[in-house]
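Down below is the structure, laid out as structure tokens.
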Amino acid sequence: MPDRHLTRLTIRRPDDWHLHLRDGDMLKAVVPETTRHFARAIIMPNLDPPVVTAQQAVAYRERIMAALPNGADFTPLMTLYLTETTDPEDVREAHAAGIATAVKLYPAGATTNSASGVRDFEKVRAVLAVMAEIGMPLCVHGEVTDQEIDIFDREATFIDRVLKPLRKKVPDLKVVMEHVTTQDAVDYVRDSNKNLAATITTHHLIINRNHILAGGIRPHYYCLPVAKREAHRVALVQAAVSGDKRFFLGTDSAPHTDPAKLQPCGCAGIFTAPNTMSCLAEVFFAAGRLRKIEDFASLNGPRFYGLKPNEATITLVKGDPVTYPAKIDTGDGPVTVFDPGFDLHWRVETD
Ligand code: DOR
Ligand code: ZN
């Protein structure tokens, strides 16, 4: 039966399985926007310079902990940025010591601060073998970077050219295909019965490429992977609301200041941390699947990562439209909050 009669729903506190917190003043400004609703997050390592070694991850985690608001109950789950010179033993030790939860693979040049990413996948085989052995997941930015491949085809091409061969060579490696944007990726994940999951962002459940380009160019909807045509968005919503354990929330909330977004070559990234849970409630409710929001945001992620779901809860309450600030101020400049383009009727009450 559809869940459309619900006006309240209590769920386990959610986690964000893909988050950019940045550093310095930006970190201080954005971290409370995540800790308000989320208990844990997988922290992306694409700082400049990137977080490559266990030692760098420890230092970054300390900076995050120092930036937490008073009383916040939040655990940052750190990742290491995979390079062609990453030392497999450093990865092994970082995992054993609880310093790093996962390793992040950026194909070189795919997105913000990805210049030190991987060009030759043979060069990271030894690291991947160790990760398979110790059960440490690889988070993958799944886009090829070839200039001759159309930007809208880069995810589907990545699956065929990189992911399939890689998973054949290291079948025991746990892989998270991050921020999937296509029916192709959804199908690929559904066809696999082991060691593969995908995160889906809030914004890819809501926008398609028309939002970016029709009637004027809207930089605040530009991110990578870029939003695709409507049929792909619909496939993502179906995967998210299905309850299928292989799909879970990774917001990819990626703050850039307005001046960095609004220029001839603007940065990729959408800042969804503040209003994600209200946006998701709207999407799941519209699909008649509100109850499945708990699987997507609070249960499937920890299950894949071998962690317990959170004990604390949040309650989604339906009422008059809730408002979130259009921008937040940071020491680096204003950051625009994602505008879903519709009213948000679900507010979030925390324990
Ligand atoms: O839109 C994006 N922004 N996609 C990414 O992959 C990186 C992120 C960022 O760090 O700004
Ligand atoms: Zn990201």
Side-chain angles (χ1 to χ4, degrees), residues 1-19 30-42 69 71-75 179 198-207 233-234 236-253 270-304 307-326 328 337-351:
M1 191 178 82
D3 297 341
R4 290 210 182 81
H5 60 286
L6 291 173
T7 54
R8 282 179 83 82
L9 181 68
T10 296
I11 61 169
R12 299 237 194 193
R13 212 165 146 216
D15 303 305
D16 184 348
W17 299 94
H18 181 133
L19 176 67
V30 300
V31 84
E33 302 300 326
T34 285
T35 62
R36 198 170 293 132
H37 298 159
F38 294 92
R40 296 172 287 199
I42 286 275
D73 181 9
F74 180 75
T75 307
H179 42 51
T199 58
I200 305 179
T201 74
T202 312
H203 48 279
H204 288 116
L205 293 172
I206 294 173
I207 63 166
R233 187 195 68 82
V234 170
L236 299 176
V237 171
Q238 282 168 355
V241 306
S242 69
D244 186 324
K245 296 182 170 36
R246 293 166 292 192
F247 297 98
F248 43 87
L249 175 64
T251 65
D252 198 10
S253 179
I270 302 183
F271 181 54
T272 52
N275 59 2
T276 272
M277 291 312 297
S278 291
C279 288
L280 290 179
E282 214 60 55
V283 170
F284 279 67
F285 184 78
R289 295 284 204 146
L290 186 66
R291 286 182 203 282
K292 294 289 179 196
I293 200 171
E294 186 176 41
D295 300 75
F296 182 66
S298 315
L299 300 177
N300 295 349
R303 188 175 187 274
F304 187 80
L307 299 170
K308 290 207 171 94
N310 300 307
E311 288 298 333
T313 60
I314 62 167
T315 301
L316 303 166
V317 184
K318 192 170 184 219
D320 292 337
V322 275
T323 52
Y324 288 87
I328 65 155
V337 175
F338 174 60
D339 174 4
F342 45 70
D343 283 345
L344 298 172
H345 301 90
W346 294 85
R347 68 172 190 276
V348 182
E349 289 178 359
T350 50
D351 287 348

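- Once rounded to the nearest 0.5 Å, the distance linking CZ of Arg40 with CZ of Phe74 reads 10.5 Å.
- Without hydrogens or angle criteria, Asn300 side chain to Asp295 main chain gives a donor-acceptor distance under 3.5 Å.
- Between Ile270 and His203 the shortest heavy-atom distance is CD1-CD2, 3.5 Å.
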Please walk me through it: do Leu249 and Ile200 pass side chain to side chain contact (heavy atoms under 4.5 Å, CB included)? CA-CA 5 Å; Leu249 175 64; Ile200 305 179; over 6 Å; no

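- Ring geometry for His179 versus His18: interplanar angle of 30 to 60°, hence tilted.
- A donor-acceptor pair is defined here as one N or O able to donate and one able to accept, closer than 3.5 Å; such a pair exists between the side chain of Ser278 and the backbone of Trp346.
- Atom NZ of Lys318 is separated from atom CG of Leu9 by 13.0 Å, given to the nearest 0.5 angstrom.
- For the pair Arg12 (side chain) and Asn310 (backbone), a donor-acceptor distance under 3.5 Å is present.
- Judged purely by atom type and a 3.5 angstrom limit, Asp244 uses its side chain to pair as donor or acceptor with the backbone of Arg246.
- For the residue pair Thr276/Thr202, the side-chain donor-acceptor check at 3.5 Å is satisfied.
- Going from atom CH2 of Trp17 over to atom CZ of Phe248 covers 7.0 Å, rounded to the nearest 0.5 Å.
- The pair Lys292-Glu294 does not count as a salt bridge, with every side-chain nitrogen at least 4.0 angstrom from each carboxylate oxygen.
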Given Cys279 and Ile206, is the side chain to side chain contact (heavy atoms under 4.5 Å, CB included) satisfied, shown in steps? CA-CA 8 Å; Cys279 288; Ile206 294 173; 3.8 Å; yes

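- If you check the side chains of Thr10 and Thr315, you find a donor sitting under 3.5 Å from an acceptor.
- A donor-acceptor pair under 3.5 Å links the side-chain atoms of Asp16 to the main chain of Thr251, judged by distance alone.
- Partners of Arg36 under the salt bridge (charged side-chain N to carboxylate O under 4.0 Å, His left out) rule, at least two apart in sequence or in another chain, are Glu33.
- Nearest approach of Asp15 to Ser298, heavy atoms of both residues: OD2-O, 4.4 Å.
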Residues Ile11, Ile314; criterion side chain to side chain contact (heavy atoms under 4.5 Å, CB included); working and verdict: CA-CA 6 Å; Ile11 61 169; Ile314 62 167; 3.6 Å; yes

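- Side chain of Asp351 to backbone of Thr313: a donor-acceptor contact under 3.5 angstrom is found.
- Of all heavy-atom pairs between Leu19 and Ser253, the closest is CD1-CB, 3.7 Å.
- Here CG of Leu205 is found 6.0 Å from CG of Leu236. Values are rounded to the nearest 0.5 Å.
- No more than 12 heavy atoms of other residues, nucleotides or ligands lie within 6.0 Å of CZ in Arg303, so this atom counts as exposed by the packing criterion.
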Check the pair His37, Thr350 against side chain to side chain contact (heavy atoms under 4.5 Å, CB included), reporting the backbone distance first and the verdict last. CA-CA 7 Å; His37 298 159; Thr350 50; 4.2 Å; yes

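- Thr199 places no side-chain N or O within 3.5 Å of a backbone atom of Gly250 that could act as its donor or acceptor partner.
- Remark: Pro321 pairs with Asp343, His345 by the side chain to side chain contact (heavy atoms under 4.5 Å, CB included) rule, at least two apart or across chains.
- Contact check for Thr201 versus Thr272: no side-chain heavy atoms found under the 4.5 Å cut-off.
- To the nearest 0.5 Å, atom CZ of residue Phe338 and atom CZ of residue Phe271 are 13.0 Å apart.
- A salt bridge does not link Glu311 to Arg13: none of the charged nitrogens lies less than 4.0 Å from a carboxylate oxygen.
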